[in-house]
Amino acid sequence: MPWLSLAIAVPLLAAAACPLLPRRLAQAPRLLALAATAVSAAALAVTWARFDTGKGMQLVEHARWIPTLDVSWRVGVDGMSLALAALTVVLFVASILYGVGPRPLTRAAAGMLLLLEGATLAFFLAQDFVVFYVAFDVTLVAMYFLIALWGEEHRRYAALKFFLYTLIGSLPVLLGIIALYLTAEPHTFNMTRLAAEQPLAGSGLGASLVFLAFFIGFAIKTPIVPFHTWLPAAHVEAPTSGSVLLAGVLLKLGGYGLIRVNLQMLPDAFAKYALAVALLGLVSALYGALVALAQTDLKRLIAYTSVNHMGYVVIGVAAAAATGISQRGRELAIDGAVLQMVAHGLVTGTLFFIAGILKQRTGTRDLRQLSGLLRPMPVYGSLVALAFFASLGLPGLAQFPAELQIFLGTFDVWPAVAAVTVVGIVITAGLFLRALQRAFMGDVPDRLARLPDLARREAIAVAPLAVLFIVLGLYPRLVLDVIKSASWLVGG
Amino acid sequence: MAVLLWLTVGLPLLGALLVKAAPSRARPLTVAAAVASAVPPVVLLVAAADGRRATSGFRWLPTAGLDVGLRLDALSAAVSATVAGIGLVVLLYSVGYFADDDRRASALAGLLGFLAVMQGLVLADGYLALLVFWELVGAASARLIAYSRDDPQAAPGAVRAFLTTRSADVGFYVALLALFSATGSIAFGQGRPGGAVGALVGIGLVVAAMGKSAQAPLQTWLSGAMAGPTPVSALLHSATMVAAGVYLLVRSESLLAGWPLDVAGWVGAVTAVAAAGIALAQRDLKRVLAGSTASQLGLMFVGAAAGGPAVAVFHLVTHAAGKAGLFLAAGVFQHDRDSTDLDELRGAGRDDRRAFAGFALCALSIAAVPPLAAFWSKDHITAAAEPRTAWFVLVLLSAAGSAAYLLRPALILWDRGGAGRTLAAAGRRWMLAGVATLAAASVVAGVLGEPLVRLLQAPPLPTSALSIALSLVAPVVGALAVLLPLRPPRLLARAADRGLYAAALQRWVVVLPTLALSRWLRAADDHRLDRAVDAIPRPALALSLLLRGAEDRGLDRAVDAVAQGGVAAARGSDWVERRGIDAAVDGLAVAIGRSGSESRRLQSGRLYEYLRDAVLGATAIALIVALTALT
Amino acid sequence: MEPNGGTFQQAEQAEHMMVSELPWLAPIGALTLAAILAIVLAITLPRRRQGLIGWWVGGMHLAAAGLAAWVWLDRGFKATMSGTIVIDGLTLALAGIVGVSGAVCIALARPVVAGSDREGEFYAMVAFASLAAVMLGAAGDAGLLALALAATGLATFVLTGYLRRSARANEASIKYYIFGTVSGAAMVYGLSWWFGLAGSTSFDAIGQALPDAPTAAVIASTALLLAGLGYKAALVPFHFWTPDAYDGAPLPVAAYLSVVSKLAGLFALARVLPMALPGDTVGWSTAIAVIAAVTMTLGNIAAVPQRNVVRLLAYSSIAQSGYILMGVAALTGSDLGLPALVYYAMAYAATNLAAFAVVQAVQRERHSVDLDAFRGLGRDHPWWTAALALSFLSLLGLPPLAGFFGKLEVFKAAIDAHQAWLAAIAVVNSVISLYYYLRVIAPAVLDSRTAARARAKSAVPVGAALAVTTVATVAFGVAAEPLLRLSDHARMLVGS
Amino acid sequence: MVSLPVVLAAGAVMFGIGLYGALGQTNTIMVIMGVELMLGAAMLNVVGFLRYSHPHGTSGNFFVLVVMTLMAVEAAVGFALVVSVFRHRRTAEVDDLTDLKG
Amino acid sequence: MSDLATAIVFWPAAALMLGTALYVFITSSMARAGLLLLASLGVEGLVFLALASEFLGFLQLLMMSGEMVIMVFFMVMFMPDPGGLMGMDMTHDKRRSASVAIAIAVGLAVVAVLTDWPARVAGTDAPDVRAIGYEVMGRSMVSFLFAAMTILLAMVGGVLLAKHGGRFGIPAPAGEQRGQEND
């Protein structure tokens with residue numbers, strides 16, 4: 001049974017089926033989306049069970065697509081793919097449960113969600129560069145429509161900006177892919193082979209240019225300062241589920257790409273620029289945190305913390321690429337980076353749900369206009385506090401082990417970078433506590449005094465995420481043993 | 001043993017979850033949990049005294065060396081038992097304290113939860129586990145400080161507490177990274193690696209300890225933390241959590257040996273005096289106690305640096321009992337008068353004599369009046385500091401200060417001028433029981449010194465005649481400093497005439513000589529002397545006011561300034577964000593649009609212009625080709 | 001292949017060859033037959049039945065495409081008629097594209113011209129234009145090239161001016177005419193020098209002579225040649241007529257111009273340049289690459305401020321010419337140039353026709369091609385909107401649509417031919433193009449209905465054309481293998 | 001004596017005159033005349049080459065025939081266009097045709 | 001034709017040809033311009049003759065005499081002031097057009113003069129006119145046929161455009177509405 005292909009294909013087919021659903025059955029799109037996602041989840045669960053943690057790329061499914069160009073439908077998993085694919089499914093379940101735009105889920109919205117889901121899964125599982133790129137761009141289109149159709153006030157502008165930036169990012173990636181394809185003999189888009197053969201190993205300027213092309217693309221997606229300016233606009237204007245998926249899943253495309261392509265296929269070039277990349281990541285981490293500190297809009301604040309958290313990922317990846325790093329440090333850094341992506345997906349997903357609920361209840365996300373929300377909404381408030389503490393890296397919650405591993409790995413090669421990076425955790429702590437203090441503590445004005453607490457539907461969507469990030473925080477090896485970068489990261 | 005270790009952490013946690021789950025049965029559940037939680041540490045202590053050692057850990061992260069676990073050894077057993085004891089008392093007290101509070105389940109669960117992570121901190125095996133619980137303790141602390149919804153100071157206090165400690169925790173992180181990077185291990189008991197990495201480890205751990213233990217210049221958060229409920233202050237911000245810094249120093253003795261401990265000692269010595277001055281000038285009882293805590297923790301730092309683990313831990317234990325007792329008593333007064341402001345509390349002790357008795361006993365202990373507990377432990381610290389004159393002087397100054405800052409509230413509490421009202425509050429019995437227990441402990445805990453030394457297999461506690469003598473003198477000087485200038489002679493005389501202090505002070509032999517001295521001074525009626533004596537405390541007072549001012553304005557403002565600087569930087573980058581990069585991108589879009597409009601002018605609609613441009617273009621192409629072909 | 005005729009033996013031999021080579025000319029023959037019979041029918045059939053001519057010409061277009069496929073599969077490639085006509089992968093691919101696209105354009109034109117005074121002749125003109133377009137791509141001789149260029153031009157001038165009572169159509173056709181004839185005359189002048197350098201009008205012979213010929217003369221004549229073919233392909237700086245002509249012409253004719261005659265010009269460039277200037281003589285690849293870069297840049301930038309969707313598509317098609325030209329520029333440097341060119345041409349044909357079909361459908365219902373006319377299209381016509389979005393996104397080059405694989409191919413070719421800078425410029429241009437493609441898609445998909453409008457009578461041919469081209473846009477991408485294989489097997493007999 | 005450069009120079013001058021006509025004339029008919037002259041220049045070149053370089057280049061002869069054909073057909077269609085436009089707009093001036101632009 | 005005879009015919013004929021060509025665009029009369037163009041192209045036939053292309057020369061003379069007469073008719077029919085009585089200026093942007101044209105002409109002439117064109121192979125005489133026939137009927141057969149198609153196309157297209165109100169007595173179609181202006 002081609003489980004992986006099944007996991008990708010079912011959402012896509014369901015997306016195609018969405019327009020055909022009868023208009024009368026109002027619940028049908030939602031149920032279809034849930035069913036399709038459930039099938040995906042089941043297929044991934046089977047894969048998880050069959051997965052051999054000791055081996056690298058495995059369970060590869062392969063079908064010829066365009067033999068002329070050596071393009072194949074080639075999907076497979078290694079630790080990173082599996083972990084991120086699982087994250088994807090989890091977040092999509094939550095998003096579908098939460099809904100997009102008008103309720104119940106419309107056919108168009110369900111279709112877009114499913115399209116996005118299929119494409120994202122395809123991206124994480126792809127072992128062929130054309131599939132990889134196709135998935136990369138399809139996510140762009142689906143997300144564009146999600147934002148532009150169901151977003152908030154300035155959705156058009158934000159959607160355009162998102163589209164523009166991501167396209168600017170994706171096209172250099174295409175050039176890079178072509179360059180890799182052309183340098184491999186015989187020409188191939190097979191990522192496994194490209195990673196094994198490393199056709200550009202040791203070649204100077206060419207490798208650097210290709211590296212730069214990929215890096216720009218993934219840096220925009222990740223995003224790394226200064227390529228991040230699309231992110232706040234897109235996050236703020238997107239509908240709640242859109243923000244969740246954008247931050248939870250789509251940002252991971254960049255980090256995944258950095259590891260999968262830049263690190264695995266161009267290690268020599270990466271080693272040359274590792275310190276520069278790490279410094280960019282450091283700037284991202286600190287800058288994101290600082291800018292987040294000044295935000296009064298909760299969604300913008302969360303958006304900028306994404307810049308901060310993804311900056312850690314970049315630092316970890318860069319550290320793993322550096323020449324001086326020990327094997328232990330390398331594994332720590334990459335394990336940490338991947339775990340950070342998973343954890344950030346769960347935590348930030350929760351945070352965006354929180355912001356969405358807040359906006360829905362109070363009509364504003366401006367922290368200056370809110371106060372004392374813990375009183376009318378104690379459960380919600382506790383959830384907020386939990387998610388905030390998770391995001392600021394409190395031990396026992398998922399991001400702590402991830403960040404710690406990244407720091408440990410980075411310290412191995414650049415102690416100064418690691419030491420400065422650690423300062424970021426103070427700033428994030430500050431910004432989250434400020435927000436907490438401002439909006440959730442203190443006196444509650446009358447207009448906020450009667451807000452309803454967390455509704456069942458919302459709780460069902462959010463609770464699994466919270467449970468997951470707590471569990472991961474207590475026992476990160478649940479995922480780390482699967483990620484196990486040692487088994488697939490070729491020694492550099 | 002492993003089971004007991006995990007139970008020590010698990011039982012309070014379980015209790016917390018149960019209380020949270022069944023808020024209506026919070027009281028019985030809390031009592032049960034508190035009592036149950038106290039059992040394993042005691043058993044552990046016995047086992048440790050028996051020479052048993054154990055560790056129980058598991059691989060938390062896949063990389064070799066990054067295990068997380070708990071350990072039983074002499075130090076952890078001793079501190080764990082202390083935490084458990086204080087915890088038990090405070091929890092039982094809390095049952096009473098929160099009796100009227102409809103959110104008591106939350107508070108009690110919070111306290112139980114804190115107890116769990118605090119035990120985890122104490123029992124942690126290896127720096128990774130220590131860091132985990134270290135951070136959790138901070139978060140639990142912030143949560144508990146922010147408990148009050150009525151106090152506008154609560155939320156900012158919690159935020160400041162968490163942020164200050166977390167800033168210091170950067171040191172812990174860096175130390176951990178450096179240690180692991182250098183040695184590949186995060187186990188306790190390693191020697192300090194050489195070079196810059198070793199320096200990072202040393203500095204990092206000391207900074208972390210300073211943050212947690214509210215040592216200068218990071219002490220400001222502690223007074224802000226007093227916005228939390230009083231039992232919280234008693235448990236977290238006097239007895240246990242803040243002592244974690246001392247615990248870290250003791251635990252890391254092998255890593256910190258040498259200059260890092262010296263740094264810690266200096267920090268401790270300076271803090272001991274500075275915080276004492278701060279305490280002297282506070283107008284809020286709990287803040288007085290907070291200052292006192294910082295000061296005493298400074299003494300512990302000195303003890304750890306100069307005298308070794310046993311000295312520090314001994315004072316930790318005695319101080320925990322005394323200070324927690326003081327807080328608990330303060331909580332009783334707070335319930336009586338619904339305030340902790342000293343002006344409001346005037347006379348509260350007279351109205352509630354049982355509580356005042358406990359308060360006074362604990363205060364005397366902290367003020368190092370023999371033969372109460374803290375006298376002995378502080379004496380060892382003084383003795384240990386003797387070889388280093390500067391520390392020695394500072395320690396003595398702080399001893400004097402401790403007498404002063406405790407006497408002042410005691411006098412106010414016993415004053416007659418107060419409102420004389422007592423709010424009947426539910427749960428008084430629980431509370432008074434707690435005060436009594438700790439007062440008793442403050443009396444007897446002094447005997448623990450020798451057993452502690454045996455348990456820790458430490459060298460005998462240092463002592464010397466000089467230190468004992470000066471230890472005895474110092475509190476007296478401190479008390480005088482309070483009694484003389486702050487009481488106008490007429491008032492003092494009237495007070496003496498009426499036997500104002502007699503009833504209270506006669507019971508405490510230690511204060512009697514002080515009072516006698518004051519009488520003698522008054523009898524001498526020597527204005528010059530009077531003035532001279534008057535002159536002594538004035539600079540001290542000025543200094544303490546200055547310090548408090550620094551505390552409230554200077555340092556706080558500095559902290560705020562840092563925060564505001566951060567926010568300003570953040571705003572700045574936000575501006576850059578909106579105006580700079582974004583504008584550049586948008587500007588590019590505008591430029592494209594504009595060039596598009598420009599290009600429309602090329603398409604003028606006039607055919608001959610099209611043709612002419614085409615001809616020119618073709619010529620240009622030909623020329624370009626010619627140039628490339630010819631070169 | 002003889003460079004010159006001139007003796008009786010040669011003539012006799014040529015006649016023998018001609019008879020034996022007739023099967024290779026079958027696609028051309030089909031189009032010729034279509035044109036001639038269309039004129040006969042136009043004269044004889046009554047007014048009501050003039051529509052039959054459309055069916056006839058459209059059918060023969062498809063037949064020509066089918067015959068091209070048959071020749072490819074059954075006969076293989078051959079330089080026929082002493083080398084004046086070259087039947088190879090390039091020609092046959094062009095014949096296939098022209099056949100199918102011509103049929104689609106006739107389907108689109110049917111509702112526009114139905115019942116008009118010269119309906120039959122209109123179809124005949126389309127047949128002539130297609131015939132000339134195939135000839136343009138097949139010409140291996142300067143004389144035939146000049147003729148074919150002029151004939152393609154003349155037929156499309158007439159088509160552009162078909163709506164004779166429209167001032168816009170008049171203006172468009174006049175401008176197109178003058179620009180076309182002047183450019184054509186320039187090309188003829190350049191070709192005369194080539195003859196002087198080679199002693200023959202056969203490109204084969206010219207290709208043997210030019211590499212050693214004096215550089216200045218070669219450059220000057222080549223520049224003049226570029227004027228002629230470049231105007232046909234709408235390359236900068238010979239593009240000025242394009243927006244005006246598209247704007248004034250009937251929409252189906254604009255579609256025809258943007259696909260058939262443009263691709264014919266590009267294919268002719270791809271044939272003539274490597275044939276006549278083998279081995280990158282005088283560095284023409286670089287020149288073509290520069291023109292490609294300028295073309296795509298100017299096309300994209302000029303499209304940004306357009307509010308008239310037809311003009312927008314005109315500029316977009318100029319930009320697309322630039323992308324296709326990347327394939328031509330890579331011909332000497334890489335084996336991948338030709339497949340890229342052929343595949344991109346097919347993908348572009350499907351995509352652009354789909355875009356024009358949607359625009360025409362909208363124009364028929366809303367009587368406007370302004371951007372505002374597309375507002376709220378998604379509510380009224382979800383399928384049109386889907387076609388619009390798919391075709392415009394394909395033009396943008398998003399996977400997995402046809403346009404993406406086209407871009408993939410040309411980028412590949414450019415990088416392989418060491419013109420990575422050109423690929424980088426193309427990338428920047430793709431980003432610019434996003435602005436205006438989204439300007440059309442966004443109001444269509446995102447806006448709500450503006451006002452209730454009467455729905456136009458549904459025109460079956462337009463709907464069918466729309467469906468076919470949209471499906472092709474998607475299918476050429478998702479199931480790209482057959483087309484890519486075909487492109488991969490496209491070979492040029494001479495040249496690269 | 002006549003030589004090839006002379007002929008070619010004459011051709012170039014004629015081409016230039018035609019181009020001037022195409023660029024500088026306001027009337028469509030006049031523009032068409034300019035085109036005719038440009039084509040004539042091309043013919044002149046070929047004839048010169050036939051005389052001085054390639055007497056056996058019979059394909060050049062055919063090329064001249066083609067150009068003559070082009071002159072005829074282009075003029076024919078051009079005039080027809082002018083007729084059509086003139087009917088509708090009462091003018092054949094190129095300068096009046098500026099509705100389509102931008 | 002000998003070189004001398006060539007020179008004798010060529011120089012005056014070429015001068016006349018270029019002179020009349022230039023005068024086409026100088027005269028202010030459309031009719032005169034047409035006749036001058038006719039003259040110019042006719043004289044070009046003479047030049048062809050001088051350059052030993054008898055067939056092409058005669059053909060050119062023949063073509064021009066027919067074609068140019070038609071042209072004159074058109075001009076008389078459609079031009080304002082066909083007789084040039086008012087001396088109107090039919091040029092725009094004269095200076096720039098002229099300078100561009102002169103630059104192009106000079107450039108081409110310079111390149112043409114400086115280029116080392118292939119020399120005639122010594123001792124080979126031009127083939128007689130029949131060779132052209134063999135060329136047309138042999139190698140260039142298809143091109144020739146296609147030229148015929150082109151002429152057919154021009155005829156049909158010319159009629160289509162020129163004759164408003166077609167066969168069926170209905171007017172020519174008007175434009176499609178494009179939403180910006182009224183046609």
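A, B, ... follow the sequence lines: proteins, then strands. Residue 1 opens every chain. Please read all numbers here as calculations on a predicted model, not as lab measurements.
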Legend entry - Atom CG of E:Asp116 with >12 non-hydrogen neighbours under 6.0 angstrom: no
Inset, instruction - Please flag which part of C:Phe8 lies under 4.5 Å from any non-hydrogen atom of chain E: side chain, backbone, both or neither. - result: both
Inset, instruction - Supply the atom-to-atom distance E:Leu152 CG to C:Phe128 CZ, rounded to the nearest 0.5 angstrom. - result: 4.0 Å
Legend entry - Between E:Pro173, E:Gly133, E:Gly138, the one whose heavy-atom pairs under 4.5 Å with chain C are most numerous: E:Pro173
Legend entry - Under 4.5 Å from any heavy atom of chain E - which part of C:Ala132: both
Legend entry - Side-chain heavy-atom pair C:Asp141, E:Arg139 within 4.5 angstrom cut-off: yes
Inset, instruction - Any chance you could lay out the side chain to side chain contact (heavy atoms under 4.5 Å, CB included) test for C:Met135 and E:Val142, step after step, and finish with the verdict? - result: CA-CA 10 Å; C:Met135 280 300 206; E:Val142 170; 3.9 Å; yes
Inset, instruction - Report the C-alpha separation of E:Lys163 and C:Asp117 in whole Å, then their side-chain angles, then the decisive distance to 0.1 Å, and conclude whether the salt bridge (Lys or Arg N to Asp or Glu O under 4.0 Å) test is met. - result: CA-CA 10 Å; E:Lys163 194 161 181 307; C:Asp117 62 338; over 6 Å; no
Legend entry - Minimum side-chain heavy-atom gap E:Leu108-C:Tyr189 below 4.5 Å: yes
Inset, instruction - Can you tell which part of C:Val112 gets under 4.5 Å to a heavy atom of chain E, answering side chain, backbone, both or neither? - result: side chain
Legend entry - Note, C:Gln10 side chain near E:Tyr134 side chain (heavy atom, < 4.5 Å): no
Inset, instruction - Counting only heavy atoms closer than 4.5 Å, note whether C:Leu147 contacts chain E via side chain, backbone, both or neither. - result: both
Legend entry - Point-to-point distance, once rounded to the nearest 0.5 Å, from CG of E:Leu160 to CG of C:Leu159: 8.5 Å
Legend entry - Selection from C:Met17, C:Met125, C:Glu15 maximising heavy-atom pairs under 4.5 Å formed with chain E: C:Met125
Legend entry - C:Thr32 versus chain E, the contacting section by heavy-atom distance below 4.5 Å: both
Legend entry - Pick from C:Ile219, C:Leu154, C:Thr7, C:Thr215 with the largest number of heavy-atom pairs that fall under 4.5 Å of chain E: C:Thr7
Inset, instruction - Against chain E, work out which of C:Gly196, C:Ala209, C:Ala213, C:Ala216 has the most heavy-atom pairs shorter than 4.5 Å and name it. - result: C:Gly196
Legend entry - Side-chain (C:Arg118) to main-chain (E:Gly157) donor-acceptor, under 3.5 angstrom: no
Inset, instruction - Can you sort out the partners of C:Tyr162 under ring-ring contact (aromatic ring centres under 6.0 Å, His included), two or more places apart, ordered by chain and number? - result: C:Phe122
Legend entry - E:Phe146 vs C:Leu131 side-chain heavy atoms within contact, under 4.5 Å: yes
Legend entry - Partner chain E: residue of C:Ala249, C:Ala220, C:Gly248, C:Ala198 with the largest heavy-atom pair count (under 4.5 Å): C:Ala249
Inset, instruction - With the side chain counted from C-beta on, respond yes when E:Val111 and C:Trp193 share a heavy-atom pair under 4.5 Å apart, and no when they do not. - result: yes
Legend entry - Pairs of heavy atoms under 4.5 Å with chain C: top-ranked of E:Ala112, E:Ala154, E:Ser140, E:Gly107: E:Ala112
Inset, instruction - May I ask you to name which of C:Leu25, C:Leu251, C:Val310, C:Ile85 has the most heavy-atom pairs under 4.5 Å with chain E? - result: C:Leu251
Legend entry - Leading residue by heavy atom contact count with chain C [cutoff under 4.5 Å; candidates E:Val136, E:Leu114, E:Leu161]: E:Leu161
Legend entry - Contact class of C:Met81 relative to chain E, heavy atoms under 4.5 angstrom: both
